[in-house]
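This is the structure, below, for whatever I ask next.
None of these values were measured; they are calculated from a predicted model. A, B, ... follow the sequence lines: proteins, then strands. Residue 1 opens every chain. Worth knowing before you read on, the calculation uses all heavy atoms, side chains too, and leaves out hydrogens, waters and symmetry mates.
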There are 2 protein chains.
Amino acid sequence: MTTSKVYIETFWQIHRMIEEAGLQPGDRLPSERELAERLQVGRSSVREALRALELLGLIETRRGEGTFMKPFGEHQLIQLLGSFILQGNREKRDLVETKLLIERTCLQLACERMTEEKLEHIAQAEHTYHLFFRRIVEATDNYLLLRIWLVLNDFFEHVYTIDVPSKFYDEMSQALQKKCCVETMAVYERYVMQNMSKDK
Amino acid sequence: MTTSKVYIETFWQIHRMIEEAGLQPGDRLPSERELAERLQVGRSSVREALRALELLGLIETRRGEGTFMKPFGEHQLIQLLGSFILQGNREKRDLVETKLLIERTCLQLACERMTEEKLEHIAQAEHTYHLFFRRIVEATDNYLLLRIWLVLNDFFEHVYTIDVPSKFYDEMSQALQKKCCVETMAVYERYVMQNMSKDK
DNA sequence: AGAAGTTAAGTGGTCAGACCAGTTGTTGAC
DNA sequence: GTCAACAACTGGTCTGACCACTTAACTTCT
């Protein structure tokens with residue numbers, strides 16, 4: 001039990017180090033050799049820990065330069081996960097259903113919290129489903145929900161294509177303007193829910 | 001561009017190897033030394049690739065035994081990410097709200113899809129919020145939704161405690177038995193929604 | 001023959017040292 | 001001042017060694 005793995009331990013120590021130093025995106029971490037010496041572990045263990053941080057999208061390593069904090073958000077790990085997860089039909093079915101449920105939840109929330117400013121922002125959005133709906137989710141003021149949606153949408157776009165007529169954007173904007181939850185749901189169902197089963 | 005990193009390359013080769021061999025959860029992978037020789041790379045590169053697979057929750061390594069395929073689902077990856085992300089109050093507020101929304105969504109879905117069998121399973125559940133609600137989410141038959149909820153709940157329990165009276169479990173079971181969506185929501189709001197703002 | 005203890009082989013975990021391949025900053029010649 | 005050469009970093013990779021642990025085969029004893 002005492003023998004916790006070194007690279008795990010190192011992972012957390014580096015994590016703490018980052019927090020305590022308050023490192024921001026773009027900042028440079030100590031070199032692998034220095035970390036190894038400072039933490040009194042082998043360089044290979046440091047590297048395995050850094051590999052984990054890299055996979056999580058928290059750091060970026062550049063040969064010859066060093067290791068740097070990475071702005072959060074670029075989640076290549078999501079694509080990775082997706083390529084493993086989305087294999088069976090069961091998983092795809094769940095994905096579609098979940099995306100649908102989340103989007104309806106977001107719509108309701110966005111309706112409640114709509115403001116003139118946000119509405120304008122949405123109306124100005126490009127007429128692609130991704131960008132338009134993203135603005136809607138942003139209008140929920142819930143960043144976590146946005147992140148969940150981004151991930152789902154990311155997976156989704158790997159498997160399906162969603163095409164809605166241009167009318168959708170107008171009608172949805174109007175419904176949101178009225179802050180009418182029922183109407184937004186109606187628009188959503190009319191244009192989106194039928195559309196979701198087209199294979200790419 | 002030609003010099004793609006070996007451990008990345010190795011990662012994908014092992015991935016392909018797993019797919020082609022059709023390895024199932026519990027199956028054993030070749031040893032690190034054998035992989036290194038077969039792929040003509042150093043063992044350290046193999047290990048860095050395996051670290052990535054491990055972080056993604058796809059494999060599990062047991063000292064002295066070997067490396068094994070892992071049943072999908074327990075990817076502590078998300079928990080790791082959470083410990084990095086959930087730091088500010090803004091994030092906590094979003095977490096509570098999102099958990100709430102997801103749970104309501106799950107309740108509705110569970111209501112629609114309730115069966116005698118599932119109901120019995122739920123009724124027999126231990127009377128802790130985590131275990132009880134997990135059964136409910138399982139009743140949605142949507143594994144992705146379950147995974148999202150597990151993650152949210154996991155984060156949540158790091159920050160808050162939720163205590164519901166024993167009556168909650170009975171009343172919720174009854175409401176689900178009636179497949180009455182409105183009633184389940186009422187029970188949920190009565191016992192859970194007020195409860196969510198207690199700091200740990 | 002069967003049970004218990006011992007041994008050897010194999011596996012992941014870790015380290016140290018070497019070398020390669022890039023980047024950066026300095027130095028020095030023009 | 002410019003620019004080329006160099007030295008001193010950095011991450012990337014490989015090798016070989018050793019440790020800790022598991023398993024299975026092999027004794028040995030009853």
Whole-Å gap separating P (D:dT10) and CD (A:Glu34): 8 Å
Pairwise distance CD1(B:Ile14) to OG1(B:Thr67) - rounded to 0.5 angstrom: 9.0 Å
Atom pair CG/OG1 of B:Leu53 and B:Thr61 - distance to nearest 0.5 Å: 11.0 Å
Helix axis bend for the helix from C:dA1-D:dT30 to C:dC30-D:dG1 - C1'-based end axes, five pairs, 10° rounding: 20°
Whole angstrom value for the distance that separates P of C:dG10 from CG of B:Leu35: 16 Å
Between A:Asn153 and A:Glu157, a side-chain donor and acceptor under 3.5 Å: yes
Row check, A:Tyr7 ring normal vs B:Arg51 NZ/CZ: under 6.0 Å, within 45°: yes
Per-nucleotide protein contact string for nucleotides 11-18 of chain D, where B marks a base within reach and S marks sugar-phosphate only (heavy atoms under 4.0 Å, - for neither): BBBB--BB
Residue pair A:Glu171 / A:Tyr191, side-chain donor-acceptor N/O under 3.5 Å: yes
Six-ring centre of A:Phe68, A:Arg62 cation under 6.0 angstrom, axis tolerance 45°: yes
Intermediate values then yes/no, salt bridge (Lys or Arg N to Asp or Glu O under 4.0 Å), A:Glu189 and A:Arg104: CA-CA 9 Å; A:Glu189 289 190 26; A:Arg104 301 211 301 183; 3.4 Å; yes
Hydrophobic cluster partners of A:Leu101 (side-chain heavy atoms under 4.5 Å): B:Leu109, B:Leu145
